[in-house]
2 protein chains.
Amino acid sequence: MKEPQPKNTAATVADVARLSGVSKATAARVLGGYGTVSDKARDAVMLAAQELDYRPNELARSMTTGRSGTIGVVVGDIENPFFGSAVRGISDAARASGFNVVLANSGEDVAAERAAIETLVAKRVDGLIVSPAQESAIGHLEDIGHAGRPLVLLDRAIAALAVDSVTADDRQAAEAVTRLLVERGHREIAYVTACDTPTHLYRDTRDILTASVRERIEGFLEVGAQAGIAEMPRWVRLGANTPDATRRLTIDLLREATAPSAIIASDSLIALEIFKVAREHGIEMPEALSLVTFHDAAWTAVTTPPVTVVRQPVYEMGEAAAKMLIERLSGERCAPRHLVLPTQLVERASVAVRGNQSASPRIRSL
Amino acid sequence: MKEPQPKNTAATVADVARLSGVSKATAARVLGGYGTVSDKARDAVMLAAQELDYRPNELARSMTTGRSGTIGVVVGDIENPFFGSAVRGISDAARASGFNVVLANSGEDVAAERAAIETLVAKRVDGLIVSPAQESAIGHLEDIGHAGRPLVLLDRAIAALAVDSVTADDRQAAEAVTRLLVERGHREIAYVTACDTPTHLYRDTRDILTASVRERIEGFLEVGAQAGIAEMPRWVRLGANTPDATRRLTIDLLREATAPSAIIASDSLIALEIFKVAREHGIEMPEALSLVTFHDAAWTAVTTPPVTVVRQPVYEMGEAAAKMLIERLSGERCAPRHLVLPTQLVERASVAVRGNQSASPRIRSL
DNA sequence: ATGCATCAAGAGACCGGTCTCATTTAAAAA
DNA sequence: TTTTTAAATGAGACCGGTCTCTTGATGCAT
């Protein structure tokens, strides 16, 4: 026989043991790489394994060892470059330690998130990294702990949950961004974010169920208050969950009697849509409208004007989360750690000095 | 007891059976949702399960059933928005049919790809979707079939492999793009692509080990030849595998004695880097340099000028691949299908008429 | 030569489900 | 009421590994 011909049924340790004339236990020792075996036996087993084209069944292995070598990741949307980078960071760090990544998309929906976590736990992932959609519904996150699996929260911490987390310094970043705008003379500054309050209307920071979003809004309001801008809260706009929603919301915003002279976007997808709307309506940037966004997406450097951004170390956040999780998996038992990574304000050219504005950005047509 | 307190050890069917006073088989029937059980027994089992906070062990389940409800996905780079969309399409389609997705990054490296496939098969994924890095090394891809798992090739077909594939009509798209440029009077047209020939120099299409890349180059050359442009092959540039490499390569290109008046980028990451280089060197687009790219990335619509692109139905490609795979998993036994999805040339404003060019794009400053 | 530690190897239980098969029970048909 | 048929249940093998426990062989010190 020349080729390891496709077997009608895959070879098992028992098959290899039989062919090589040793016991199942010995064959398993060789194939599994544990215990002590003589060279003779090892050679015989390896030969037989090759002959039969033996492939270990990790499922069976996981069942007895209780470890699957897999970490589950639940994010809002992999299509969002933010999560794309984060997942890349996670997956690189995981692979470096011999772990695989099972990915699940929640679509920022709690029910989907719950279902995803349920199956991931049932599939016996060794641990999870989750970017929770809301911090109110945490039952399913607590269950992860009950099931004896470590959990690391990514990008969105939850105070009520005693688990590790990796976030960016959102509060500080929001303050810096708002301060920049205020210093440039802006007083009508809108903050556009994806968030899921039923009304889509902002009332109180306590309505905001996502820590990172809330902290940013708090920073935004705080700096506004310090600068003596009374109307700040009315410029907070929620519900930019899809490009379409963002578009409608932006148009509404720019149609108001007093349109904002600057907009802060909470992620690059939102910024992109705002950029499109401004362009379609002939609103000059930054003269008529300044724009700042969270997330230094690749494209923000090539637009006209290039966009001033808050650079979050996204890849590193994912990497750090994976490393933390793997530490827990290796037996680390210390108190929950909350890693807060610094952000960086990258000034490009999308912020104008207010006094120089040539025109109100307001959309007049229609 | 009020709370299902964290058990030191997870409850199993046997535990539930014991507590509810039925046999393990009956408890398993209720919990697994198969066979016939009396209402009385069902209620007792459900109650006990609740009491013990029973969670099924999918690993054990998979081992006996032979199905894991999981599909493995191996892509070059999830950070690339192209794969981001594709993975999203895959994962949505998978979830709709009750499958999970295990993701692996190959980094476009054959060895990593081989390793990823090996572990995925060992983990007993039900089937795989792979975007193979090269079409020369296909042993590990054939092994997937030997292991009895269906495989669907994504974006890159391999003629030598009798498996399903989903691709875009690359050849046709390349022809359309090149024709557009030729019709606008361009004769020095560069084609910049990520590819991994050792020399980074283009000699012959047979050196290109990735079908999609090769087909595009063939289309590019074909149209050039038809237009009577002799030097076409010398404008093919390989090796744009990282932003840095792309940058160097682009600068070299624009420094040549006769710089191209137009560049075709094979993906949006490359286009972005070219855009940056052009901008940094003060090369006016499209007056001094025209640009077209494959992949209608979100940002291409908001640059100045907005970029003319080949729109590939990326999400749909991922979705189709997943659906094909799931069909195979459901017993479909037909001959390998090769789904080729049409592309669309989206003309924006990054292509100028050659006669109108005000200056050579050449980079003069060192 | 004897004792004792060490190494190699085998037998078989075990992980947590599924599933077959035999048996009991209940309901429907005669 | 008796027979036929179907439904409900239990016992235990099985999936493919790991791992403990036991026994046999070998080596080194005494």
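Per chain, numbering begins at 1; letters A, B, ... match sequence-line order.
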What's A/T36 touching, base or sugar-phosphate or nothing? Going by heavy atoms closer than 4.0 Å. base
Short side-chain N/O contact from A/T65 to OP1 or OP2 of D/dT18, under 4.0 Å: no
If you check every side-chain atom of A/N57, which of D/dG17, C/dG17, C/dT18 has the closest atom? D/dG17
Out of C/dG17, C/dG16, D/dA8, minimum distance to the side chain of B/V13 belongs to C/dG17
Rounded to the nearest angstrom, tell me the gap between atom NZ in A/K40 and atom C1' in C/dA9. 11 Å
Given that A/K24 and B/R61 both sit by DNA chain C, which one's nearest nucleotide is further toward the 5' end? A/K24
Looking at A/R55 and D/dG16, is any side-chain donor or acceptor paired with a base atom of the opposite kind under 3.5 Å? no
If we only count heavy atoms from C-beta on, is the A/I90 to A/E319 side-chain gap below 4.5 Å? no
Of the options D/dG10, D/dG17, D/dT9, whose atoms approach the side-chain atoms of A/Y54 most closely? D/dG17
Bend across the helix from C/dA1-D/dT30 to C/dA28-D/dT3, to 10°, with axes taken over 5 pairs at each end? 40°
Within this structure, what is the CG-to-P distance between A/D43 and C/dA8, rounded to whole angstrom? 13 Å
First encountered from the 5' end of DNA chain D, between B/R124 and B/S23: B/S23
Between atom CZ in B/R67 and atom P in D/dC15, what is the gap in whole Å? 19 Å
Nearest-angstrom distance from the residue atom CG of B/D39 to P of C/dT25: 19 Å
Looking at B/R156 and B/E108, does any basic side-chain N land under 4.0 Å from a carboxylate oxygen? yes
How do B/T64 and B/R42 order along DNA chain D: which one's closest nucleotide is nearer the 5' end? B/R42
Taking any heavy-atom pair under 4.0 Å as a contact, classify B/A14: base, sugar-phosphate, or nothing. nothing
If the threshold is 4.0 Å, N to carboxylate O, is there a salt bridge linking A/R124 and A/E58? no
Checking the side chain of B/D164 only, and the main-chain atoms of B/R337 only, is there a donor and an acceptor separated by less than 3.5 Å? yes
Counting side-chain heavy atoms from CB outward, which of D/dT18, D/dG10, C/dA11 is closest to A/A25? C/dA11
Donor-acceptor under 3.5 Å (B/R149 side chain, B/V125 main chain): yes
Would you kindly check whether a donor in the side chain of A/R29 faces an acceptor in the base of C/dG10, or vice versa, at under 3.5 angstrom? yes
Any sub-3.5 Å donor-acceptor pair from A/S85's side-chain atoms to B/E79's backbone N or O? no
Donor-acceptor contacts, no H, no angles, side chain residues 18-41 of chain A, under 3.5 Å, sequence neighbours left out:
unit_1 : atom_1 : unit_2 : atom_2 : d
A/R18  : NH1    : A/D15  : OD1    : 3.2
A/S20  : OG     : A/V16  : O      : 2.7
A/S20  : OG     : A/A17  : O      : 3.3
A/S23  : OG     : A/A25  : N      : 3.4
A/S23  : OG     : A/T26  : N      : 3.2
A/S23  : OG     : A/T26  : OG1    : 3.3
A/S38  : OG     : A/A41  : N      : 3.2

Looking at D/dG16, C/dA8, C/dG17, which one has an atom nearest to any side-chain atom of A/S38? C/dA8
How many whole angstroms separate atom CE of B/M63 from atom C1' of D/dG16? 5 Å
Report, one line per pair, each donor and acceptor closer than 3.5 Å where one atom sits in a side chain of residues 96-105 of chain B; sequence neighbours left out.
unit_1 : atom_1 : unit_2 : atom_2 : d
B/N100 : OD1    : A/K123 : NZ     : 2.7
B/N105 : OD1    : B/I78  : N      : 3.4
B/N105 : ND2    : B/G76  : O      : 3.4

For C/dC19, does OP1 or OP2 lie under 4.0 Å from any side-chain N or O of B/Y34? no
